[in-house]
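Read through the structure below, which is laid out as structure tokens, and then see the notes.
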Amino acid sequence: MSFLTTVYAYLYYFAALVLLAGVTFKVVQYARTPAPLKIPTTPAPTTKAGVVLRMTREVVLFESLFRGNKWTWIFGWIFHFGLFLVTLRHLRYFMEPVWLPIELVQPFGIYGGMAMVVGLAGLWARRFFVDRVRYISSPSDHLILALLIAIGCTGLLMTFVFHTDVVAVKSFFIGLYSFDPPPLPGDPLLLLHLFLVAALMIIFPYSKLLHAPGLFFSPSRNQVDNPREQRHIAPWAKRLEQE
Amino acid sequence: MAKATFEVPELSQYLDVPPVTPQTMAHSKPFVAKPEFQAPLGFPGELMDDWQEKALDKMGELLGKYRSLRVYLDSCVKCGSCTDKCHYYLGTKDPKNMPVGRQDLMRKVYRRYFTLAGKLFPKLVGAEDFTKDVLDDWYSYFHQCSQCRRCSVFCPYGIDTAEISMAAREIMDSIGVGQKYCNEIIGKVYTIGNNLGLPGPALRDTLEGLEEDVFDETGVAVRYPIDQVGADILLVTPSADFFAEPHVDGLIGYGKVFHEAGVTWTLSSHASEAANFGMFIGSYDNMRRVAQRIREAAIELKVKRIVFGECGHAWRVAYSFLNTLAGPWDFLDPRYPVPQHICEFTYNLIQEGKLTFDKGENDDKVLTYHDSCNVARASRMGDTPGGQFEIPRAIIRATCNHFYDMDEDTIRDRTFCCGGGGGLLTDDLMELRVKGAKPRVEALNNVMLEKGVTHMAAICAICKSQFTKVLPYYGMEMDQIVSLHQLVSNAIVLTPSLDGEDDEDDEEEAEEAA
Ligand code: SF4
Ligand code: SF4
């Protein structure tokens, strides 16, 4: 293996490990932390099915954000939806043969990439132009936006301007499964793109990107509104009762 | 207009979001609880020497006990959706009163001591050491949150700043920095039985007085019993209902409704307070202790049902937590939810056609309705989501001819706090209370100008007390705020008692009970 290929191979093993282990750790931690009191923000659904519907609206449509701020909603939704399409498009690098739905999504993935960058740019502009949002932004908020925009732009550049050998890229990733990846093309743009993505994977469990799993564990959104019908008592609170 | 040592904000017709103006409210701090108010609640008397270590230990403990805290401290993406939603920010311009700004006071400490990024790169992620200055900021700004949860409605992750304020207050209490108002009141509940410190005999006197007044006015013997063993219903209501205007008019109304329903009911001198300030200080233990009194009273008085009077925070604790804190309630009649709100009770009777109203009695008023935060965003009435918005409005419509809602963006789950909730209803926070009321008063002012509204009905004791105090600062009258059951009381047509019960019997029984 060439030196570069080895470095990237290890980088991706490391990044994948950090991402998986880190997010798993967090999810387990959230799941194991008790929610001792019912605190759904009402009007809240009174059934489990209702909660699933509420959560789905939050995840897919960003309902609360829509009520909160239309500009943030537009840019945030464009970015996330773009990211979703891009991720689907990239799945072809990780599977052989490629599933039909992933084949079909390919062209939309490109629009997704553009949407992603537009959305991010809008979100970033708000951090400069809205005084309240400027006030609450820390350097890491800017850096994460910069990182995502850089990932989007390097990706788009490879699609439209400096094409890279995607077949070789794919063999590299498939090769990672058997711990014997063939050489990675040496394009600087590709290497930069891959490096940034690995960095994103590594910071994910240590940053505000935890909002993704966090949403599912938010008691104000995921609880059923039935406290009169059912006692809702956490293990540590139960112990008080035995005293 | 009342005198003020600070500038009372000017009302505008449209809600304008003020420019960020740091530190405008840094000086606003409630009185600190003295050692004698801390002890009965199980807290140290004053700031401990090793407070930082102790506070971080407590924070670690709470992170393990409350999923909300853990998830909310991690999840904020600084999107800004909540920044213009808090009435305290809108009224004071202080960015630490933006919900996310307030959370960040705790988040920066959390990041510094509990996250890898904050341990390694504090500057990058906005992590900071827990210094005395930070603690001072906590004391100021976590006592500028009324825990109204308006911010949680608009946050994409449902981040509830109230949960964070409660945790911060519990941490501060655990190192000896308590807030006088809340802790003193909880102490009074433990020693005397209610927030106002009214002893049993005073309550009995008041209730006898009410019976006489109602009899004089209506010629009907409506009863206001206390400690009556074997009554069907235990009514638990905020102690303000026993004497202060406009609260007591509400209590008179409940009695008339029970009279018309033909049920027996009673108050309890042991559980003579519905409010539970344990919630405001985030203390599960104290909240539980306060809630247990209701269980004890229910058992002692052998009642079948529990009904809560008009109060917002009390209703949140009752609706959402009573079953958890003081249950199970299997000794009560299973046909009724535990507890019920007096509005649910009255509404059900209206639905069954058991109440007759002469709406004309309220014709001197044009009404609007203030949704109290803790009812609107943290509880329910009836069987369907949103019942807490519809049921009180249905009662108003049944009892009055003239009713107009305020602007949609300021009612129901988007309602604006009165500015006095969450344990802030104390004179030492008057500036905050007046400024925080601005968005609500603005919406009220608009319906006064556009629809000729004269009065605002509310079902929360804190809201009623707060408006009574604060409206005059804005050039309005204190009696523009009324109890919802005051409207019921005015309009209800009473049936004379059939069992030949006259005034004398009543007195005898009251004496027996005493
Ligand atoms: S809970 Fe209410 S008072 Fe507290 S930050 Fe949120 S909006 Fe402001
Ligand atoms: S709305 Fe929620 S995620 Fe956005 S800044 Fe406020 S607390 Fe953070």
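Atoms considered below: every heavy atom in the structure, side chains included; atoms not considered: hydrogens, waters and symmetry mates. Below, chains carry the letters A, B, ... as their sequence lines are ordered, and counting in each starts from 1.
Counting heavy-atom pairs closer than 4.5 Å to chain B, the top-ranked of the candidates A/T46, A/T72, A/I203 is A/T46. In terms of heavy-atom pairs under 4.5 Å with chain B, the best-connected choice from A/S138, A/S137, A/G50 is A/S138. Most heavy-atom pairs under 4.5 Å with chain A, from the set B/D104, B/D383, B/V338, B/I159: that is B/V338. Annotation: maximal heavy-atom pairing with chain B below 4.5 Å, among A/R228, A/K208, A/K38, A/H211, occurs at A/R228. If you tally non-hydrogen atom pairs under 4.5 Å between each of B/A117, B/G118, B/C79, B/P22 and chain A, the highest count goes to B/C79. The candidate with the highest count of non-hydrogen atom pairs below 4.5 Å against chain A, out of B/G386, B/G327, B/G126, is B/G327. The greatest number of non-hydrogen atom pairs below 4.5 Å with chain A, out of B/V20, B/V17, B/L322, is found for B/V20. Taking chain B as the reference chain and counting heavy-atom pairs below 4.5 Å, the highest number among A/G214, A/A31, A/A237, A/P43 is found for A/P43. The candidate from B/P328, B/C82, B/C151 with the greatest count of non-hydrogen atom pairs under 4.5 Å with chain A is B/P328. For the options A/P213, A/P219, A/P235, heavy-atom pairs under 4.5 Å to chain B are most numerous at A/P219. Taking B/A318, B/A376, B/G101 one by one and counting their heavy-atom pairs under 4.5 Å with chain A, the maximum is reached by B/A376.
For chain B, the nearby part of A/Y135 is the side chain; its heavy atoms alone come within less than 4.5 Å. Within the 4.5 angstrom heavy-atom criterion, only backbone atoms of B/S379 (N, CA, C, O) approach chain A. Proximity to chain A (any heavy atom under 4.5 Å) is restricted, for B/C76, to the backbone atoms N, CA, C and O. Looking at B/T83, both its backbone and its side chain come within 4.5 Å of chain A, counting heavy atoms on both sides. For B/F121, no part lies under 4.5 angstrom from a heavy atom of chain A. Residue contact with chain A, scored on non-hydrogen atoms closer than 4.5 Å, involves the backbone and the side chain of B/K78 alike. Residue contact with chain B, scored on non-hydrogen atoms closer than 4.5 Å, involves the backbone and the side chain of A/D131 alike. For chain A, no part of B/A162 is nearby; none of its heavy atoms comes within less than 4.5 Å. Proximity to chain A is absent for every atom of B/L69, based on heavy atoms less than 4.5 angstrom apart. For A/A234, no part lies under 4.5 angstrom from a heavy atom of chain B. For B/M279, no part lies near chain A; criterion is any non-hydrogen pair under 4.5 Å. For chain A, the nearby parts of B/V77 are the backbone and the side chain; heavy atoms of each come within less than 4.5 Å. For A/A212, no part lies under 4.5 angstrom from a heavy atom of chain B. For a residue to count as touching a neighbouring chain, one of its non-hydrogen atoms must lie under 4.5 Å from one of that chain's; by this rule A/E241 touches chain B with backbone and side chain alike. Only the side chain of A/L143 comes within contact range of chain B, judged by heavy atoms closer than 4.5 Å. At a 4.5 Å heavy-atom cutoff, the contact between A/P40 and chain B is made by backbone atoms alone. Proximity to chain B is limited to the side chain of A/R127, based on heavy atoms less than 4.5 angstrom apart. With a 4.5 Å cut-off on non-hydrogen atoms, A/K238 does not touch chain B at all.
Taking the charged nitrogens against the carboxylate oxygens, B/E61 and B/K65 do have a contact shorter than 4.0 Å, which makes a salt bridge. For B/D333 and B/R335, the salt-bridge test passes: some basic side-chain N is under 4.0 Å from an acidic carboxylate O. Using a 4.0 Å cut-off between charged side-chain N and carboxylate O, B/R412 and B/E390 make a salt bridge. Using a cutoff of 4.0 Å between basic side-chain nitrogens and carboxylate oxygens, B/D84 and A/R132 are scored as salt-bridged. Ion pair B/R149/B/D160 flagged as a salt bridge, since at least one NZ, NE, NH1 or NH2 atom sits closer than 4.0 Å to an Asp/Glu carboxylate oxygen. Taking the charged nitrogens against the carboxylate oxygens, B/R377 and B/D371 have no contact shorter than 4.0 Å, which rules out a salt bridge.
Within the 3.5 Å criterion, the main-chain N or O of A/A35 finds a donor-acceptor partner in the side chain of A/H232. In this structure, the side chain of B/Q340 does not engage the main chain of B/F345 through any donor-acceptor pair within 3.5 Å. Side-chain atoms of B/S75 never come within 3.5 Å of backbone atoms of B/Y72 as a donor-acceptor pair (strictly under, hydrogens ignored). In terms of modelled atom types and a separation under 3.5 Å, the side chain of B/R67 and the main chain of A/T33 share a donor-acceptor contact. The main-chain N or O of A/T154 is never found under 3.5 Å from a side-chain atom of A/H193 such that the two would form a donor-acceptor pair. No side-chain donor-acceptor contact under 3.5 Å links A/T42 to the backbone of A/A44. B/R150 places no side-chain N or O within 3.5 Å of a backbone atom of B/C417 that could act as its donor or acceptor partner.
Side-chain atoms of A/S220 and B/S152 form no donor-acceptor pair, as typed in the model, at a separation below 3.5 Å.
Note: B/Y284 and A/W236 meet the aromatic proximity criterion, with ring centroids under 6.0 Å apart.
In this structure, CG on A/D225 lies 7.0 Å from OG on B/S320, to the nearest 0.5 angstrom.
Counting heavy atoms from C-beta outward, B/P337 and B/Y319 have side chains that stay 4.5 Å or more apart.
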